[in-house]
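As structure tokens, the structure follows; a few thoughts come after it.
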Amino acid sequence: MNRVTGKNATVRARVFHAPGEPLADEELRLTEVRDDLVRVRLCASGVCGSDLHVVAGDWTFEGPLVLGHEGAGIVEEVGPAVTDVRPGDHVVLSWFAPCRRCGRCARGEAWLCENTKALENTLPDGTTSFYTLDGAPVPAFLGLGTFAEGTVVPQSAAVPINKDVPFPVAALIGCAVTTGVGAVVNTAGVRLGESAVVIGCGGVGQAVVLGAELAGADPIIAVDLSDERLVLARELGVTHALRGDDPDLVDHVRAITGGGADHAFEAIGGAATIEMLPDLIRRGGQAVIVGMPAEGVRVALDPFDLADGGKRILGCNYGNSVPSVDFPRLARLYASGRLPLDRLVGRKVTPDDVDGALEDLRRAAGLRTIIEYGNREEGA
Ligand SMILES: NC(=O)c1ccc[n+]([C@@H]2O[C@H](COP(=O)([O-])OP(=O)(O)OC[C@H]3O[C@@H](n4cnc5c(N)ncnc54)[C@H](O)[C@@H]3O)[C@@H](O)[C@H]2O)c1
Ligand SMILES: [Zn+2]
Ligand SMILES: [Zn+2]
């Protein structure tokens, strides 16, 4: 029996303490399931570039912090005020639990919720999902902490989806897919036959590629520094794959697109690649910043070129998506075969190999590495 089941459940979790240190392997207690809280047994978690930003110290986070924010699992227990899910439901976790009451939420812009506590790594009441066995609170990254066998989240962060969707695919819907596909269809609004260039083809960029294909973009140009990632992008169906360190990159993109792309997507968070965006798009084109830079990064852009060329630079948080609407929609598109999300699932590892999964990100290797959680014997 998995230990997540039952009162005072304890779980194994991978905990960030300080930048550069390996994640610690700790036994933690989950908070009690009260009010509108939901306890979820994790089945799969992706390892995202944003987790790596924390480990690398790009963003200021104090430890301890249960890392991981791209996960899916099964609801085990729900609080008395929960109406949206019940035990046994398969859920994708949202890393930006919306309050559903503020002005932004009321306007259908959950990704801009003004009251979410997710960015403070707590539950809506300010308490934490996890505690040490001594009772000290342990925050969870973006209010989730999916590098653990189980977690406790508000119901707005646990979105039920079709049980036919495999858990690794469901986990990716929790971040990379919703962000990448959303950047294409919600933020950019790509239309049939428009050209798109995707700079950075990791998990998020690969999802941008699938989104661009779904939207009927053509040509689709992938750019990366990793030859392995460029081969994978070709396998996903891009029409062109170019190295990011090619000194003639801009000229190549202009030649392929006839003067500049209609859309460019930056899925790295790098100053140099963001600064390149205006040169990659045509007059009147638009570029979307999807990658999240390290704290303090500044870029230099030529405002005359932007104004004169009528070019637009847009920011994109969580694919401008509403989890309760977009997670099930993406799952349906997968189930109907129109969005082959299983093609984004990479190497599968056990929770013992989270460090190896982070290393895959550092090396820009493969498709998204997925942590799979099996049942753990009591006392094991
Ligand atoms: N906007 C959002 O809501 C959101 C959501 C999730 C992730 N992110 C961010 O998106 C970024 C990407 O995440 P990921 O999980 O795909 O990471 P990743 O590490 O898997 O992918 C990054 C890719 O960029 C490539 N790259 C790096 N420098 C390059 C360069 N100069 N030219 C071309 N390619 C280059 C790498 O080789 C790698 O393939 C991260 O910054 C992450 O924090 C943003
Ligand atoms: Zn992420
Ligand atoms: Zn809100």
Side-chain angles (χ1 to χ4, degrees), residues 45-54 56 58-59 67-71 93-118 124 141-142 144 146 156 171-183 186-187 197-209 222-230 232-233 241-246 249 265-276 288-294 297 314-322 344 346 357-369:
S45 172
V47 182
C48 172
S50 300
D51 298 306
L52 186 58
H53 278 307
V54 176
D58 291 343
W59 300 336
L67 222 49
H69 65 282
E70 186 177 73
L93 301 183
S94 159
W95 53 254
F96 201 79
C99 78
R100 296 173 166 168
R101 290 186 307 278
C102 74
R104 299 264 72 90
C105 281
R107 284 182 168 76
E109 299 172 331
W111 68 95
L112 297 175
C113 173
E114 292 158 355
N115 294 332
T116 187
K117 291 284 181 145
F141 187 35
L142 300 172
L144 297 185
T146 62
S156 72
L172 292 184
I173 290 175
C175 185
V177 167
T178 295
T179 300
V181 176
N186 298 331
T187 317
V197 52
V198 186
I199 314 168
C201 292
V204 174
Q206 291 158 10
V208 172
V209 166
V223 179
D224 206 293
L225 294 177
S226 156
D227 289 330
E228 183 181 347
R229 290 266 165 96
L230 289 175
L232 290 169
L242 302 174
R243 282 199 57 94
D245 52 3
D246 182 337
L249 176 65
F265 298 88
E266 203 275 1
I268 303 161
T273 40
I274 291 170
E275 287 174 344
M276 199 190 290
V288 182
I289 299 173
V290 190
M292 296 279 191
V297 167
L314 309 172
C316 168
N317 189 20
Y318 220 162
N320 296 34
S321 300
V322 179
L344 302 182
L358 288 166
E359 193 54 30
D360 290 342
L361 276 173
R362 287 189 196 96
R363 292 188 300 115
L367 300 161
R368 184 70 113 214
T369 305

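Excluded from the calculations below are hydrogen atoms, water molecules and symmetry mates; all remaining heavy atoms, backbone and side chain alike, are included. We count ligands from 1, going down the list as the structure has it; atoms in each ligand are counted the same way.
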Check: So which heavy atom in the protein is nearest atom 43 (O) of ligand 1, and how far is it from that ligand atom?
Finding: Ser50 OG, 2.8 Å
Note to self: Looking at Val223, is its backbone amide N or carbonyl O close enough to the side chain of Arg243 to form a donor-acceptor pair, meaning the two atoms are under 3.5 Å apart?
What the structure shows: no
Checklist line | Cys175 neighbourhood, listing ligand 1 atoms whose heavy-atom distance to it stays under 4.0 Å | finding: 5 (C), 6 (C)
Check: Does the side chain of Leu225 reach to within under 4.5 Å of the side chain of Asp245, using non-hydrogen atoms?
Finding: yes
Next item on the list: Report the nearest protein non-hydrogen atom to atom 32 (N) of ligand 1: residue, atom name, distance rounded to 0.1 Å.
Entry: Leu225 CG, 3.6 Å
Next item on the list: Grab the two heavy atoms, one from Ala176 and one from Glu70, that are nearest each other, plus how far apart they are.
Entry: N-OE2, 2.9 Å
Margin query: Need the atom name: nearest N/O/S atom of His69 to the Zn ion (ligand 2).
Written below: NE2
Notebook entry, point to check: How long is the gap from CG on Asn320 to CD on Glu109, to the nearest 0.5 Å?
Noted result: 8.5 Å
Next item on the list: Check ligand 1 against His53 and write out every atom of the ligand that is under 4.0 Å from a heavy-atom position of the residue.
Entry: 40 (C), 41 (O), 43 (O)
Notebook entry, point to check: How about Leu361 and Arg368: do any of their side-chain heavy atoms sit closer than 4.5 Å?
Noted result: yes
Next item on the list: Please identify which atoms of ligand 1 are closer than 4.0 Å to at least one heavy atom of Tyr318.
Entry: 2 (C), 3 (O)
Check: Taking the non-hydrogen atoms of Cys48, is any one of them nearer than 4.0 angstrom to ligand 1?
Finding: yes
Notebook entry, point to check: Which is it for Thr179 and ligand 1 at heavy atoms under 4.0 Å: side chain, backbone, both or neither?
Noted result: side chain
Next item on the list: List every atom of ligand 1 that sits less than 4.0 Å from any heavy atom of Asn317, numbering the atoms from 1 in the order shown and giving each element.
Entry: 3 (O)
Checklist line | Structural part of Trp111 in contact with ligand 1, heavy atom criterion under 4.0 angstrom | finding: neither
Margin query: Are any of the N/O atoms on Gly291, whether in the backbone or the side chain, positioned under 3.5 angstrom from an N/O atom of ligand 1?
Written below: no
Margin query: Within the structure, is a non-hydrogen atom of Phe96 found at a distance of less than 4.0 Å from ligand 1?
Written below: no
Check: Of all the atoms in ligand 1, which lie at a distance below 4.0 Å from a heavy atom belonging to Thr273?
Finding: 30 (C), 31 (N), 32 (N)
Next item on the list: Return yes or no for this condition: an N or O of Gly49 is under 3.5 Å from an N or O of ligand 1.
Entry: yes
Next item on the list: Look only at the side chain of Ser226 and the backbone of Ala364, and say whether a donor-acceptor pair between them is shorter than 3.5 Å.
Entry: yes
Next item on the list: Measure up the Tyr318 and Trp95 rings against each other and bin them: parallel (under 30°), tilted (30 to 60°), perpendicular (over 60°).
Entry: parallel
Check: Hey, is CZ on Arg100 packed in by over 12 heavy atoms from elsewhere, all under 6.0 Å?
Finding: yes
Item checked: Side-chain donor/acceptor of Asp51 to backbone N/O of Gly68, under 3.5 Å -> yes
Margin query: To check your reading of the model: name the closest protein heavy atom to atom 19 (O) of ligand 1, its residue, and the distance in Å.
Written below: Leu361 CD2, 3.7 Å
Checklist line | N or O contact, Cys316 vs ligand 1, cut-off under 3.5 Å | finding: yes
Note to self: Under 4.0 Å, heavy-atom basis, I'd like to know which part of Arg229 is in contact with ligand 1: side chain, backbone, both or neither.
What the structure shows: side chain
Checklist line | Interfacing atoms of ligand 1 (cut-off 4.0 Å, heavy-atom, Arg368) | finding: 14 (P), 15 (O)
Next item on the list: For atom 9 (C) of ligand 1, grab the closest protein heavy atom and report residue, atom and distance to one decimal in Å.
Entry: Met292 N, 3.5 Å
Notebook entry, point to check: Who are the side chain to side chain donor-acceptor pair (under 3.5 Å) partners of Arg107, not counting sequence neighbours?
Noted result: none
Note to self: One residue to check: Asp245. Relative to ligand 1, which of side chain, backbone, both or neither has a non-hydrogen atom less than 4.0 Å away?
What the structure shows: neither
Margin query: Rounded to the nearest 10°, what angle sits at the Zn ion (ligand 3) between SG of Cys113 and SG of Cys102?
Written below: 120°
Notebook entry, point to check: Can a non-hydrogen atom of Arg362 be found less than 4.0 Å from any atom of ligand 1?
Noted result: no
Margin query: Tell me whether Thr369 contacts the main-chain N or O of Gly346 through its side chain, where contact means a donor paired with an acceptor under 3.5 Å.
Written below: no
Next item on the list: Applying side-chain contact (heavy atoms from CB on, under 4.5 Å) between Cys99 and each of Cys113, Pro124, Ser156, report the one that passes.
Entry: Cys113
Note to self: As an exercise, state the distance from CG of Leu67 to CG of Leu142, rounded to the nearest 0.5 Å.
What the structure shows: 9.0 Å
Checklist line | Atoms of ligand 1, numbered as shown, that sit under 4.0 Å from any heavy atom of Val204 | finding: 6 (C), 7 (C), 13 (O), 14 (P), 15 (O), 16 (O)
Note to self: Suppose we measure from atom 21 (O) of ligand 1 to each protein heavy atom; which comes out shortest, and what is that distance?
What the structure shows: Gly202 CA, 3.3 Å
Checklist line | Distance filter under 4.0 Å to Gly203 heavy atoms, resulting ligand 1 atoms | finding: 16 (O), 20 (O)
Margin query: Looking only at protein heavy atoms, which one is nearest to atom 37 (O) of ligand 1, and what is the separation?
Written below: Asp224 OD1, 2.5 Å
Notebook entry, point to check: Do any N or O atoms from the side chain of Gln206 and from the backbone of Leu367 form a donor-acceptor pair under 3.5 angstrom?
Noted result: no
Notebook entry, point to check: Taking atom 27 (C) of ligand 1 as the point of reference, which of Ile289, Val290, Ile268 owns the nearest heavy atom?
Noted result: Ile268
Next item on the list: Determine yes or no for a side-chain-to-main-chain donor-acceptor pair under 3.5 angstrom, with Asp224 supplying the side chain and Leu230 the backbone.
Entry: no
Check: So, Glu266 side chain and Gly270 main chain: donor-acceptor pair closer than 3.5 Å or not?
Finding: yes
Notebook entry, point to check: Can you tell me if Thr116 uses its side chain to pair, donor with acceptor, with the backbone of Pro98 under 3.5 Å?
Noted result: no
Next item on the list: Nearest 10° is fine: what angle sits at the Zn ion (ligand 3) between SG from Cys99 and SG from Cys105?
Entry: 120°
Next item on the list: Classify the contact between Ala267 and ligand 1 as side chain, backbone, both or neither, using a heavy-atom distance cut-off of under 4.0 Å.
Entry: backbone
Next item on the list: Answer with side chain, backbone, both or neither: which part of Ala272 has a heavy atom less than 4.0 angstrom from an atom of ligand 1?
Entry: neither
